[in-house]
Amino acid sequence: MDLTDLDIIDAHIHQWDPRTTPRHFSKLATLLRYLPLPVDVAAKLAPRGDREFVGDPSAYLGPYLPADYRADLGKTRVDAIAHVEVEWTGWKPDETRWVASLPFGVDTPALAAIIASADPAAADFGAVLDAHQSASPLLRGIRAMVAHHPDPAVKSFAPNDSLTAPAFLNGFPQLAQRGLSFDAWVYSVQLPDVTALAESFPEVPIVLDHLGTPAGIFGPVGKNTGHTPAQRQALFERWRDDLTELAAQPAVVAKVSGLMMPVLGHPVPPRGAPTPVPELVERVGPLLAHALAVFGPDRLIWGSNFPVDKPITSITGAVETVATALTEAGADQDTLRKVFGGNAARVYRMDTTS
């Protein structure tokens, strides 16, 4: 395994500035700026679902911008990135315009694609898509926040019927009309809904974010998710079977990203002390082996999901973990080149020549 031979595209990063941009946690970040509390004290005031989702709130309470991402790269060389929406409130296309204005491609990787925020169920969905496309020629698709978990103590972002609501299904074909893809970020219990969506709209490319986020698969979260070995094994088996069915849809690709999200049940290490790579490989290896088996080398895309995964690992640690686990599952160097770059360039229609 030669990581220096990889032209890496990070197909899933987030940028934000809660002090100057309208996000759901911007008000809290502003409040804590003027009412300073230690981060760990502030974290204890948050609901349980929020605490377990973020692990360490440090990255959420201040800006995360190109220079911060460059610093987090460490020894890893990334050539280009795709930015994925981060829950702006108000007029969604403003986020696309803001992201396109950030200083990427100077002494940082190039911004090669934008996945924007839009809701297919909204009455103005078409107008929002057109405004996103006007805001930047790098628009390649959208993501709607549709993740819902049946455990009430696991953080949900949408109602449980978001992917099946008539208004959502009626608006969804407008993506195909504009040549745009759909990033589906769901919890693993929603994988059958993604499969049904792909069956109904094969003309829309669907990117499954974070392999479906099987919350609690590595440890306890919520009231009753992943609290026992039996629960975790059942979680894995249901995730495995549902992912297999989804992979049968040829227009679906999967991101091997977000596998170090705290909500999966990872123990959160002390701040500044990432989890050792061998430990992470042991945890995520079975997920990556199955994903490679059912999606194959041409339908897997790597993304760091930074800074959301930062409480558990570094970007270098994430690359080494995924590359090691895939190699142990039988991936050769050509497969790694596809997963860490070529597939993202193809799916998101990236121009990485400049």
Side-chain angles (χ1 to χ4, degrees), residues 6-26 29-30 33 57-118 128-129 131-143 180-181 183 207 209 255 257-258 272 301-311 313-319 340-341 344-345 347-354:
L6 302 179
D7 295 320
I8 297 177
I9 293 172
D10 190 340
H12 201 105
I13 80 159
H14 302 296
Q15 297 278 277
W16 56 58
D17 185 349
R19 297 170 185 170
T20 63
T21 62
R23 294 207 53 212
H24 285 294
F25 58 69
S26 291
T30 301
R33 187 180 183 188
S58 301
Y60 292 81
L61 298 179
Y64 193 77
L65 298 169
D68 303 293
Y69 177 77
R70 180 189 63 220
D72 281 339
L73 281 175
K75 66 180 183 180
T76 298
R77 179 179 60 81
V78 168
D79 297 321
I81 64 99
H83 181 272
V84 179
E85 63 89 21
V86 285
E87 275 195 296
W88 273 43
T89 56
W91 181 238
K92 305 297 186 182
D94 286 343
E95 181 183 21
T96 294
R97 189 172 295 104
W98 179 78
V99 169
S101 74
L102 295 176
F104 280 107
V106 182
D107 56 352
T108 55
L111 176 64
I114 295 174
I115 309 304
S117 175
V128 171
L129 294 180
H132 277 302
Q133 289 186 310
S134 295
S136 174
L138 295 177
L139 184 77
R140 295 294 181 266
I142 67 150
R143 181 174 78 161
L180 298 174
S181 62
D183 266 53
V207 180
D209 289 349
K255 278 185 186 173
S257 57
I301 296 173
W302 177 77
S304 71
N305 196 35
F306 253 57
V308 177
D309 286 19
K310 189 172 180 175
T313 190
S314 63
I315 293 178
T316 297
V319 170
F340 282 96
V347 170
Y348 285 146
R349 309 185 311 282
M350 294 176 168
D351 180 3
T352 59
T353 58
S354 57

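These numbers come from the heavy atoms of this one structure, side chains and all, not from hydrogens, waters or symmetry mates.
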Partners meeting side chain to side chain donor-acceptor pair (under 3.5 Å) with Arg143 (sequence neighbours left out):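 Side chain to side chain donor-acceptor pair (under 3.5 Å) list for Arg143, sorted by chain: Glu85.
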
- prompt: Out of curiosity, Ile301 CD1 to Ser257 OG, how far, rounded to the nearest 0.5 Å?
  reply: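 Output value for this atom pair is 9.0 Å.
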
message: I want to check something: taking the side chain as every heavy atom from C-beta on, are Pro63 and Arg19 in contact at a cut-off of under 4.5 Å?
response: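 Yes; the side chains approach each other to less than 4.5 Å.
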
statement: On a heavy-atom basis, the closest approach of Ala135 and Thr96 is CB-CG2, 3.8 Å

task: Might you point out which heavy atoms bring Leu139 and Ala116 nearest each other, and give the distance in Å?
output: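 Looking at all heavy atoms of both residues, the closest pair is CD1-CB, 3.5 Å.
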
Reported CD1-to-CZ distance for the pair Ile81 and Phe306, which is rounded to 0.5 angstrom: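 Result: 14.0 Å between the selected atoms.
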
- prompt: For Pro307 and Pro311, which heavy atoms make the closest approach, and how far apart are they?
  reply: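 That closest heavy-atom pairing would be O-CD, 3.9 Å.
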
task: Just jot down the side chain to side chain donor-acceptor pair (under 3.5 Å) partners of Arg70, sequence neighbours excluded, or say none.
output: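 By the side chain to side chain donor-acceptor pair (under 3.5 Å) rule, Arg70 matches Asp107.
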
- request: Output the distance between atom CG (Leu73) and atom CG (Asp10), rounded to the nearest 0.5 Å.
  value: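 Reported value, rounded in 0.5 Å steps: 7.5 Å.
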
field: Minimum heavy-atom distance Gly105-Thr108, with the two atoms named
entry: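 It is N-OG1, 3.1 Å.
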
message: Under the rule for salt bridge (Lys or Arg N to Asp or Glu O under 4.0 Å), what residues qualify as partners of Asp79, not counting sequence neighbours?
response: Arg77

Heavy-atom closest pair, residues Ala118 and Leu129: CB-CD2, 4.2 Å

field: Side chains of Asn305 and Ile13 in contact at under 4.5 Å (non-hydrogen atoms)
entry: no

Sequence-distant partners of Thr76, side chain to side chain donor-acceptor pair (under 3.5 Å), two or more places apart: Thr316

- request: Evaluate the side-chain proximity of Ile142 to Lys92: yes if any heavy-atom separation is below 4.5 Å, no if none is.
  value: no

field: Set of ring-ring contact (aromatic ring centres under 6.0 Å, His included) partners for Phe340, sequence neighbours left out
entry: Trp302

- prompt: Are any of the side-chain heavy atoms of Ser304 and Asp72 separated by less than 4.5 Å?
  reply: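 Of all side-chain heavy-atom pairs linking Asp72 with Ser304, none is under 4.5 Å.
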
- prompt: Roughly how far, to the nearest 0.5 Å, is CD1 of Ile114 from CD of Gln133?
  reply: 11.5 Å

message: Given 3.5 Å as the limit, does a donor-acceptor pair link the side chain of Ser181 with the main chain of Val347, or not?
response: no

- request: Sequence neighbours left out, what passes side chain to side chain contact (heavy atoms under 4.5 Å, CB included) with Ala113? Give chain and number order.
  value: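 Only Ala82, Arg140, Tyr348, Met350 meet the side chain to side chain contact (heavy atoms under 4.5 Å, CB included) criterion with Ala113.
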
query: Taking all non-hydrogen atoms of both residues, which atom of Ser117 and which atom of Glu95 are closest, and how far apart?
result: CB-OE1, 4.2 Å

- prompt: Taking only residues two or more places apart in sequence or in another chain, which ones pass side chain to side chain donor-acceptor pair (under 3.5 Å) with Asp209?
  reply: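 Listed in chain order: nothing, the list is empty.
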
message: With rounding to the nearest 0.5 angstrom, report the CG to OG1 distance, Asp94 to Thr21.
response: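 The CG atom of Asp94 sits 10.5 Å away from the OG1 atom of Thr21.
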
- request: Mind jotting down which residue pairs meet the ring pair (Phe, Tyr, Trp, His ring centres under 6.0 Å) criterion with at least one end in residues 62-86? Sequence neighbours excluded, please.
  value: none

- request: Classify the angle between the aromatic ring planes of His14 and Trp16 as parallel (below 30°), tilted (30 to 60°) or perpendicular (above 60°).
  value: parallel

